[in-house]
Number of protein chains: 2
Amino acid sequence: MEMKSVTRSLRILEAVAQHQPVTVGELTKLFGLPKSTVQRTLVTLHEAGWLRANRKDTTRWEIGARVLAVRPAALQGSSLLAAARDPMIRLRDKVNETIHLSVPDALDCMVVVDRIDSSHAVRTFHDIGDISPLHATAGGRAILANTGKSDRDEVLARPLESYSETTLTDPQQLRAELELVSANGYAVNRNQFRPGVCAIASAVLDSDGSPLAAVVISMPDSRYDPDRLPELGRLVAETAKEISARRLGS
Amino acid sequence: MEMKSVTRSLRILEAVAQHQPVTVGELTKLFGLPKSTVQRTLVTLHEAGWLRANRKDTTRWEIGARVLAVRPAALQGSSLLAAARDPMIRLRDKVNETIHLSVPDALDCMVVVDRIDSSHAVRTFHDIGDISPLHATAGGRAILANTGKSDRDEVLARPLESYSETTLTDPQQLRAELELVSANGYAVNRNQFRPGVCAIASAVLDSDGSPLAAVVISMPDSRYDPDRLPELGRLVAETAKEISARRLGS
DNA sequence: GCACGCCGTGCTAATTTATGGCACGACAAT
DNA sequence: ATTGTCGTGCCATAAATTAGCACGGCGTGC
């Protein structure tokens, strides 16, 4: 049960998204696949309406706008993005750091769905669609702290991958950390996933208390100041609450 | 050169997006395909990270957030969406009708990429990702009127499909209409695509004058008043110009 | 001006791959 | 207890994809 051609087509689609506008040759080098195979795949994706030829260089491929019809369930209908944008902008204006909105996906990872940039010359950078682990990030732990016990145990049961020397990989320590997150209303991550990247996050909740997303203040370690933590934590928690309220209000 | 399995997988993916969260059985009825085929496809899409099981009903499938990594070239990097949102909201507040932002795709169609709703009980509805033809819509003609001659001729060379009794299908008439659009700075569509739906649109231009997108005021025919046309046309054209300027400013 | 190399494209036989009918276990309603 | 429906897994057959090769166009450098 494999469907090799489908798997490969999706990989190629993702590669086009990353490198668009891209040529057949560049993709063959990227994957080490025969030219004909790559080209056949591109033509198929094109006929399905997912790819289009670049306007100026018709031998280069790019992603068509039709993919917008395929929207994640996490954003479906719900006005999560619309409700979050204004509060996120206000939060950015207060702290002048990059703000992310991330949603949980596949039970052990988070995906960035929106971003408001800080104006600092040195900033952290995560693109929309970027993936990060639940246990090693501030956003992920803000989600986990608000997740039902059974789902949480399921995540903690698996081996916790380490990404840096400070990553929490012991389930017991992680549980203690999650207790702290619950008590504070916000989660903190100092260099535990990407070295040099720190974050403070709080969860956006649905009406039933289940976590929908996390608002994240992300900054370089060079600007991370423990003394500001209570203030930043309060601000990010207030923003998350405001988004929860706005989403339910409309 | 067909890649049947890939084509079908993408169709199924799109169907999941439309009906999520959806079960295997519902999809088999939709496509009339054998159960095993559909399920194998779903599992493959899941393993590739594009699908995930619904949290509450694990036999239902939905789109994962990872698809956000695949973004259309038309929105890539460019802050088109960000630049457009505030002006669109202001336009909506002025006219209280639904505002769309659409981008051209595949040389003969438009795709809705953003939407700000009117507050009327009766409103027009086009979802993000919806597709419409270039020649029969206000947005499409706003784009065509700003397109280079060679590309425009290519579109006009094909047979122009008719969607209602008022659709312009004669290339000569369409050319005359496009001249009018150029002169006015906005395009108008009265029931030419979807019966009962009228629209007024203007193009957002890139620095080189090529059309990037169209801002569209969309309303039911019942509220369409020819006397307001000059005012609405002026407003939508101003909004489009403002978006063009904001996009280049940042 | 010529030859070379690179690129995108199309073809075809060989082989891998997907297909879909069928069966099983679980669950819900009758 | 029973019937219908659902999701899932298996396997021989049949059909699909594969990848090597060749062609034509294009730009470069000799």
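Lettering follows sequence order; numbering is per chain, from 1. No experiment lies behind these values; they were computed from the predicted model shown. Only heavy atoms go into these numbers, but all of them, side chains included; no hydrogens, no water, no symmetry mates.
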Can a donor-acceptor pair under 3.5 Å be found between the side-chain atoms of A/T23 and the base atoms of C/dG8? no
Gap between atoms [atom1] and [atom2], on [X] and [N] respectively (whole Å):
X     : N      : atom1 : atom2 : result
A/L45 : D/dT17 : CG    : P     : 13 Å
B/R60 : D/dT8  : CZ    : C1'   : 17 Å
B/Q39 : C/dA18 : CD    : P     : 15 Å
A/L42 : C/dT9  : CG    : P     : 9 Å
B/I12 : C/dA18 : CD1   : C1'   : 13 Å
A/M3  : D/dA15 : CE    : P     : 18 Å
B/K4  : D/dA14 : NZ    : C1'   : 11 Å
B/F31 : C/dG20 : CZ    : P     : 14 Å

More 5' along DNA chain C: B/L33 or A/T59, using each one's nearest nucleotide? A/T59
With a 4.0 Å cut-off on heavy atoms, is [X] in touch with a base, just the backbone sugar-phosphate, or nothing at all?
X     : answer
B/T37 : base
A/S5  : sugar-phosphate
A/K35 : base

With no hydrogens and no angle check, do the side chains of B/Q39 and B/W61 hold a donor and an acceptor under 3.5 Å apart? no
Below 4.5 Å, heavy atoms only, C-beta onward: do A/F193 and A/S164 meet side chain to side chain? no
Side chain of A/V24, heavy atoms from C-beta onward: which of C/dT9, D/dA19, C/dG20 has the nearest atom to it? C/dT9
Is it true that B/R175 and B/D153 have a side-chain N and a carboxylate O under 4.0 angstrom from each other? yes
Backbone N/O of B/H135 and side chain of B/R141: donor-acceptor pair under 3.5 Å: yes
